[in-house]
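To start, the structure under review is shown below, and the notes come after it.
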Amino acid sequence: MSLTLDSYRLLGRSGLRVSPLALGAATFGTEWGWGAEQDEARKLFDLYVERGGNFIDTASTYTDGSSERLLGEFTRDNRESLVLATKYSTLRRPGDPNSGGNHRKTLFASVETSLRQLNTDYIDLLYLHLWDFTTPVEEILRGMDDLVRQGKVLYVAISNSPAWQVSRMQAIADLRGWSPLVALQIEYNLIERTGERDLIPMAREMGLGVIPWSPLAGGVLTGKYSRADLTAADGEGIEGGEGAEGAEGAEGNAVTADGTRRSVTIASGALTERSLAIVDVVKEVAAELGRTPAQTGLAWTLQNPDVTAPVIGARTAAQLEDNLGALEIGFTAAQLARLDEAGAIELGFPHDVLARDTTRALTRGDLRIEPRR
């Protein structure tokens, strides 16, 4: 079934309506050595909104704050009709240990920074960006709830965190009457599918909408890399860079040794023999559909009923146009099966054991169990 950007979906167990593709704004600004200048970023924003898009993703530290500042300028005339999602956790001032992390001090300071940069009175959706393995969950949840009660944040969410911590947080929020998490942002694409083990099933059970970042695996699923790049990757030194977000965006400060997106992709570990074999299948299916590999890879994420809106992060209007074409793709059952098989992973224990026919039969009582002798 063909979608459009105004085929709005509910976000998790909330009444908030969002577009089926989110516009990633980590490409707004060039401070990280790549990205879109202000005029090009404005074209991206206008194209997305004119097509009916309303869900925009950023963070307080993306492109050293330029991402939020540009959005603050672009949204002057239509702020109320947009859903602005931003994040806190990443270090805002190098050398200051309290300018990053998940604790209450950085939470409140980061939100105030985002409000100034976005030129707004409230944030629609606030994510905890990166789990710090330090801050008590009650401190995080109470801080988030306080911000909601103050009207500075409308909904809260989480990304890049262990499934058991997220489910624990959701249970505590429910029991104490605090604001529940409504979304889970994770890396998810045909190459990176480990979220299918616990994170995505957990999100389904706990009422969180899944928002995939890097749905094109840092550009690998566009088909622009070849096996020749694997040889180059073996000897390439990388500094900084923490992986890709959206189709072309970045998770964290992505300044690299040579300042290119290729370096970021290599640093993320997305470029491997396995990933290129998956790309081969994507290209085959794309050719059958008369579509690009990028559209095909994005469309695959939209087939998962647990996915609300992948984050796309184009640097040019042409890239964004191509990405939006993913909404029009419909796979045959055979094509979808080939893509699923190409990127399939082993779920491991206990999932594999619980999926066995014998295990299922035991829980259904279909097998007679002999008494122990």
Side-chain angles (χ1 to χ4, degrees), residues 24 26-27 32-35 186-196 212-252 254-303 310-316 318-320 322-323 325-326 329 331 334-348:
T27 55
W32 288 350
W34 47 267
I186 61 171
E187 183 178 8
Y188 184 60
N189 53 61
L190 262 170
I191 292 170
E192 174 50 70
R193 293 176 60 179
T194 52
E196 294 175 3
W213 61 264
S214 195
L216 293 178
V220 175
L221 287 168
T222 66
K224 65 183 178 181
Y225 297 108
S226 69
R227 282 165 178 79
D229 291 297
L230 290 176
T231 303
D234 290 339
E236 186 162 346
I238 303 297
E239 298 175 0
E242 189 184 284
E245 172 150 327
E248 294 287 342
E251 177 70 33
V255 176
T256 61
D258 63 4
T260 65
R261 290 294 302 132
R262 179 175 175 276
S263 296
V264 178
T265 298
I266 293 170
S268 73
L271 193 60
T272 64
E273 181 59 46
R274 173 184 175 271
S275 65
L276 291 176
I278 294 170
V279 172
D280 287 341
V281 178
V282 172
K283 288 179 177 178
E284 292 171 3
V285 173
E288 294 170 9
L289 294 168
R291 296 288 185 170
T292 66
Q295 292 171 338
T296 305
L298 273 173
W300 177 86
T301 65
L302 290 166
Q303 302 302 306
V311 179
I312 54 174
R315 287 180 292 113
T316 67
Q319 289 176 346
L320 180 55
D322 184 75
N323 287 172
I329 291 181
F331 296 109
Q335 289 169 336
L336 194 56
R338 281 159 58 198
L339 292 170
D340 285 342
E341 182 179 358
I345 62 167
E346 292 184 5
L347 294 181

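Note that this is a predicted model, so its numbers are computed, not measured. All values below were derived from every heavy atom in this structure, side-chain atoms included, with hydrogens, water molecules and symmetry-related copies excluded.
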From [X] [atom1] over to [Y] [atom2], what is the distance, rounded to the nearest 0.5 angstrom?
X	Y	atom1	atom2	value
Ser275	Leu221	OG	CG	8.0 Å
Arg193	Asp340	CZ	CG	5.0 Å
Leu339	Thr296	CG	OG1	7.5 Å
Asn323	Thr222	CG	OG1	9.5 Å

### Message
Do Asn189 and Trp300 pair up side chain to side chain, a donor and an acceptor below 3.5 Å, judged on atom types alone?
### Response
no

[X] vs [Y] side-chain heavy atoms within contact, under 4.5 Å:
X	Y	value
Ile191	Arg274	yes
Leu216	Leu298	yes
Leu289	Gln335	yes

For a quick test of reading the model, state the closest non-hydrogen atom pair linking [X] to [Y] and the distance between them.
X	Y	answer
Ile278	Gly343	CD1-CA, 3.8 Å
Gln295	Gly325	NE2-CA, 3.6 Å
Val282	Pro293	CG1-O, 3.6 Å

### Query
Sequence neighbours excluded, which residues qualify as side-chain hydrogen bond (donor to acceptor under 3.5 Å, both in side chains) partners of Ser226?
none

### Query
For Ala299, which residues count as a side-chain contact (heavy atoms from CB on, under 4.5 Å) partner, sequence neighbours excluded?
Ala326, Ile329, Phe331

### Message
If you count every heavy atom of other residues, nucleotides or ligands that lies below 6.0 Å from Glu346 atom CD, does the total exceed 12?
### Response
no

### Message
Given 3.5 Å as the limit, does a donor-acceptor pair link the side chain of Arg291 with the main chain of Val285, or not?
### Response
no

### Query
Quick one: side chain to side chain donor-acceptor pair (under 3.5 Å) pairs with a partner in residues 276-286, sequence neighbours left out?
Arg227-Asp280

